[in-house]
Structures are given as structure tokens and as C-alpha cells.
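Each remark here refers to the structure printed beneath this line.
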Amino acid sequence: MYKRSSALFTEAKKYIPGGVNSPVRAFNAVGGDPIFIKEAKGAYLYDEDGNELIDYINSWGPMILGHAYPPVVNAVIERTKKGTSFGTPTEIETEIAKLAVEMVPGIDQIRMVNSGTEACMSAVRLARGFTKKDKIIKFAGCYHGHSDSFLIQAGSGAVTFGSPNSPGVTQGTAKDTLLATYNDLGSVEALINANKNEIACIILEPVAGNMGCIPPQEGFLEGLRSLCDHNNILLIFDEVMTGFRLSAGGVQERKNISADIVTFGKVIGGGLPVGAFAARQEIMNHLAPLGSVYQAGTLSGNPLAMSAGLAMLQSLKNDPEVFKRLDEKTEYLRDGLVKVLEKNNIDFTINQYGSMLSVHFSNEPVVDFDSAALGNNDYFKRFFHGMLKEGVYIAPSAFETWFITDALTYADLDKTIAAADSVTANW
Ligand SMILES: *Cc1c(COP(=O)(O)O)cnc(C)c1O
């Protein structure tokens, strides 16, 4: 069934470490060989063996309107004919920046980079430069890319591989990253009190998606906002996953809370490598060439990537109902899954917020990293491989979120629910 994928993986492993260019693509957490995808259209992936799969990874988020979405594809084709990068300013950079500033509350300016990692790394440097303080607070299980300061209890990828703290991160770097517990304001307050006037910023996924989907509890984001305001600390919302997904303005809009710096990635690139960070003028003034906090990129804002991102943001902006449709589809899927898992007497918790959903094989409420880690991974493995056999592709780790795309039809959702039913019927 996956003969050609397995052969391709054997060949890939000779030349690429572990055969993959990003570790979560390997099937280490679930066993077996990863599947090589040949092409994709709408909600479906087509692999090298000719299998058709309903896709709940969607490139880990960007494909919110489905694969090979025509406005994005056409924009990229047209742009490519005129040259893909010049290393000079181009008009399209201003177009996408203007549109992003219109869509996202509370930001005056935005800087484009090439990945979410770069965006978060730069946002923290900017926060340190602005506040003239060194330490940062992050939350166990939140992922902000693979730069050194963040590889302390970094969620999905890192956790899946059983090494929460990566070798190669120096103690000097690690000591400036303080670790708090998600949804636990007390843990944040304690760190602030123990490190008076040393903390530059608090960075978090305002709806977590890298330890499964974990929404903020009532008052959590408000409490962080107020702690930041009282202690001269900048609040950074890492909206790499949630930005342009949970609403046009991300979690800031949905929860009506403003962060000081916001980071983006995934959807903002329409499937090309793009990240971005944004803030109000007073903060962005500190960034080179306006200010002295340095940040740069040869391919940053290249017209090819910008054409994809612009087409994506325009499509979302011109279809204000899209976020409501996505929510409704995800709620339908959630309700369907709840029904069959209950019927089959499975211990589970499903978390869902907007078009993000995760299934945890545990009875306990999943509100932070420790409770996410209680899930039964043997059940998850069986579920993953069972779903795959039924033609449904979910992320190969219990710590990953399902991303719902608008290309999914209700028939696709019904098929997914039926697959979950038959997979868990005889456990
Ligand atoms: C994916 C992700 C990142 C890292 O983005 P890359 O483009 O993979 O570097 C950072 N933060 C969050 C919340 C993410 O989901």
C-alpha cells in the first residue's frame, strides 16, 4: 500500500538526516515509514503509491483554503515569470504589509522574514532591545520555532523526540529563558517576583497548538496583559499558527486582547516560506534601519513569497464568512468524533477552538503540557495508523493539532467520523 513511499524513504535516508527536512515529518512517534506525497488538491493529498488521503495537516496550517488554491497558484505563476527575487524594495511588500495592518488590530508596521522561527527570534530581540532587559518567560509545551532561546520545553516536535531541551543550546542562553505553566497565572507571577525588573517579555501561543490544541482559560490572557502592564514587560503573542486562521485578526481580535508584538507565519505565506512580526510604531522604531536592533534577510519579502501571501490574505479578507464556516465545520467534526468515541467507550478528551482540534486519549481535562502528556500514546498510534488505512491523514504525533481547511466538505467530515468509528469500534 505504501511500497513506493517506503522505497523513496530508504533512498532519502542516505542523503538527508533521518530522511526528512523537519523532524515531525518522520513517523518516530507512531512507528512506520513516512508517506511521500506527490500532489494535493483541495482537502486531499495524493501519495506516491496512488492513495488518496483526506488531509488534516494542511502543511501544518498554511493551507486554510485547501491545497493548490487557484488564486494563490495563479499569483505565483504570474509572479515567477517576472523574476522571483531582486534584493531591492518592491511594491508588493507594501501591499501585503498594508493589508496585514488593516486586518490585524493594534499593529502599525510589520516586518517580513522567512519562517515563524525567524519571526519569534526577532520579536524577542526587539523586545529585549526595547525594554533593555534580558530574560524572557515562555510556557512549557509552547513552540516558538527552533532558535536557541526557545528550545526549553518546546512542545510538539521536541517533545515527540523525547528531548525537551536540545543539546547545543548553551547554559548561558538557557538561563535567560524562564519556564511557566500554561493557564497558570500564579506560575508567571512567581517568576516575575523572583526576577524583578529583569524580564523583557512574555511569549506565548495565545491559543496553544503545539501540545495539541489548548485554549486559554477564562482570564488567563487578561491576567498576562495586566501583569505585563504592571511590570514593564512586553506581551508577545506568537500567532504563527493562529494568525489569519482563528479570525482575520487572529486571537487578538477573537479575544479582544492586544499584545505588544505579534508574530506570524504559516497562513500569511499561503504555502511559501514566510514569517512576520508586527507591533505599534513606538516599538518598531527600534528596528534597523530606523533603530539599532538589527534584523535582516536576503530573501525576506521576496516578491514570489509575497505574491502567495497577498493572494491568501486577500482571499480571506474578501470572504468574511470563511472563519464562521471553518468554525462550523470543525464543531461538526468535533461533535461527530465525540459521539463515536463515546459510543465505543474510549477514554478521550477533545479540545477545539476555531478551526483547530485535537484528540487526546485521556479522561483528564487537557489544559497545559503536563495534562497533554497524560494521553495514552499506544492508543494514539493505533488511531493514527487506523485512520491512515481509512484514508484520513492526521499529524503523526499526539502533540499536534488537526488543521481544518475550508476545502473540506461535510461529506469529507462524515467520512472522517465514520473512519474514527470503525478504527475504535473494537478496542
Ligand atoms: C510553526 C510554528 C512556529 C515556527 O514556524 P516555522 O515556520 O516552522 O519556523 C512558531 N510558532 C508557532 C506557534 C508555530 O506553530
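Remember, it's 1-based here, ligands and their atoms both numbered in the order they're listed.
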Do we see a donor-acceptor contact under 3.5 Å between the side chains of [X] and [Y]?
X	Y	answer
Asn351	Ser358	no
Gln109	Gln281	yes
Thr94	Glu91	no

Is the Tyr393 ring parallel, tilted or perpendicular to the Phe27 ring (thresholds 30°, 60°)? tilted
List the atom of Ile236, the atom of Ala127, and the distance in Å for their closest heavy-atom pair.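 What the structure gives for the nearest pair is CD1-CB, 4.1 Å.
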Walk me through it: do Trp60 and Thr401 pass the test side-chain contact (heavy atoms from CB on, under 4.5 Å)? CA-CA 8 Å; Trp60 307 90; Thr401 291; over 6 Å; no
Please give the N or O to N or O pairs under 3.5 Å between ligand 1 and the protein, distances rounded to 0.1 Å.
| from | atom 1 | to | atom 2 | distance (Å) |
| --- | --- | --- | --- | --- |
| ligand 1 | 5 (O) | Gly116 | N | 3.4 |
| ligand 1 | 7 (O) | Gly116 | N | 2.8 |
| ligand 1 | 9 (O) | Gly116 | N | 3.4 |
| ligand 1 | 9 (O) | Thr117 | N | 2.8 |
| ligand 1 | 9 (O) | Thr117 | OG1 | 2.6 |
| ligand 1 | 11 (N) | Tyr143 | O | 3.1 |
| ligand 1 | 11 (N) | Asp238 | OD1 | 3.4 |
| ligand 1 | 11 (N) | Asp238 | OD2 | 2.6 |
| ligand 1 | 15 (O) | Asn210 | ND2 | 3.2 |
| ligand 1 | 15 (O) | Lys266 | NZ | 2.6 |

